[in-house]
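Below, read A as the first sequence line, B as the second, and so on, with proteins coming before strands; counting in each chain starts at 1. Below, each value reflects all heavy atoms present in this structure, side chains not excepted, and no hydrogens, waters or symmetry copies.
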2 protein chains.
Amino acid sequence: MFDKKDKSYPIEVVADFLGVNSRTLYYYEKFSLVVPLRRGRKRYYSKQDIRWLEYVRELMYEQGMNLRSIIVLIKKRDDVILGKCPEEVVDCFKNYLMRIRDLQEY
Amino acid sequence: MFDKKDKSYPIEVVADFLGVNSRTLYYYEKFSLVVPLRRGRKRYYSKQDIRWLEYVRELMYEQGMNLRSIIVLIKKRDDVILGKCPEEVVDCFKNYLMRIRDLQEY
DNA sequence: AAATTATTTTCACTTAAAGTGAAAAATTCA
DNA sequence: TGAATTTTTCACTTTAAGTGAAAATAATTT
């Protein structure tokens, strides 16, 4: 489907590929979940955009995760990328593991 | 509020303490989010129940997490406790960290 | 250039998730 | 015993997450 030479794809193609409604992609964009390139007025999704959306789909369908917490995840990602608080993110997950251990007592 | 000698508390007290509606606690019980002790027909929440619910509240309010994914979290916790797949849980989080790294390319 | 198709935008609506109100019945407490 | 609390259940409300539809616009095809 995706020719290797093609770097980005219009919305209907992507929606089709991911098995979601194109309106859903517009909706997600409202929350900056994914913000595609623009050529003129038309949206073009990069392969990385698509990869990210596949991951989101997995989180939603397999882990039951909601949009809101994924948006929180993006915030954390941004923090990592911006180098704001790498230790803090790692601490979050350490804390998470400790919480799991705590729950053993529950 | 919580006398150290008291080991468990009735629903209204707990709901009040946590700042949630008691009906919410009944609702959560339906999903086995927390299943309090029973003395006769009356529910008694242990201090550990309460701690767990505080954690749940934090996940919901701070991380925007939904009930469904928390229920998935419980499943993972159960797996840890039952010793079903300790490595698998750790792998999940390693995978998670790798995903974060992946997202640096995004 | 004209016709066709796809895209965009926006509003309103639908479905699903997550509660929450209310009331009758039962139980517990003072 | 009477009052207060709890329980249960059904119906409803609010919130979250889409999704339909249509007019306008833009892009593509003929």
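For A/T24 and D/dT19, the shortest distance from a side-chain N or O to OP1 or OP2 is below 4.0 Å. A close approach under 4.0 Å does not occur between any side-chain nitrogen or oxygen of B/Y28 and OP1 or OP2 of C/dA18.
The listed nucleotides are C/dG21, C/dG19, D/dA17; the one nearest the side chain of A/N66 is D/dA17. Among the nucleotides C/dT27, D/dG18, C/dC29, the one closest to any side-chain atom of B/R41 is C/dT27. The nucleotide whose nearest atom lies closest to any side-chain atom of A/K42 is, among C/dT9, D/dT28, D/dT7, D/dT28. In this structure, the nucleotide among D/dT28, D/dT7, D/dG18 sitting nearest to the side chain of A/Y27 is D/dG18. In the set C/dT7, C/dG19, D/dT8, the nucleotide with an atom closest to the side chain of A/P10 is C/dT7.
At the heavy-atom level, A/F31 lies nowhere under 4.0 Å from the strands shown.
Distance CE (B/M65) to C1' (D/dT15): 18 Å, rounded to an integer number of Å. A/R43 has its CZ atom 13 Å from the P atom of D/dA26, to the nearest Å. Between A/Y26 atom OH and D/dA21 atom P the separation is 16 Å, expressed in whole Å. The distance from atom CD of A/E29 to atom C1' of C/dT10 is 14 Å, rounded to the nearest whole Å. Computed from coordinates, the A/R23 CZ to C/dC13 C1' distance equals 11 Å when rounded to whole Å. Remark: P of C/dT7 and CG of A/N21 are 13 Å apart, rounded to the nearest angstrom. Rounding to whole angstrom units, OH of residue B/Y44 and P of C/dT28 are separated by 8 Å. Across the protein-nucleic acid pair, A/L33 atom CG and D/dA17 atom P stand 11 Å apart, rounded to whole Å.
Between A/S69 and B/I11, the residue anchored nearer the 5' end of DNA chain D, judged by the nucleotide with its closest heavy atom, is B/I11. For the pair B/R68 and B/R39, both in contact range of DNA chain C, the more 5′-proximal nearest nucleotide belongs to B/R68.
We find the CD1-CG distance between A/I11 and A/D16 to be 11.5 Å, quoted to the nearest 0.5 Å.
No side-chain heavy atom of B/Y44 sits under 4.5 Å from any side-chain heavy atom of B/D49. You'll find the side chain of A/V56 stays beyond 4.5 Å of the side chain of A/M65, heavy atoms only.
Aromatic ring orientation, B/F31 versus B/Y27: perpendicular (interplanar angle above 60°, classes split at 30° and 60°).
Defined by atom type and a distance below 3.5 Å, a donor-acceptor pair is present between the side-chain atoms of B/S22 and B/E12.
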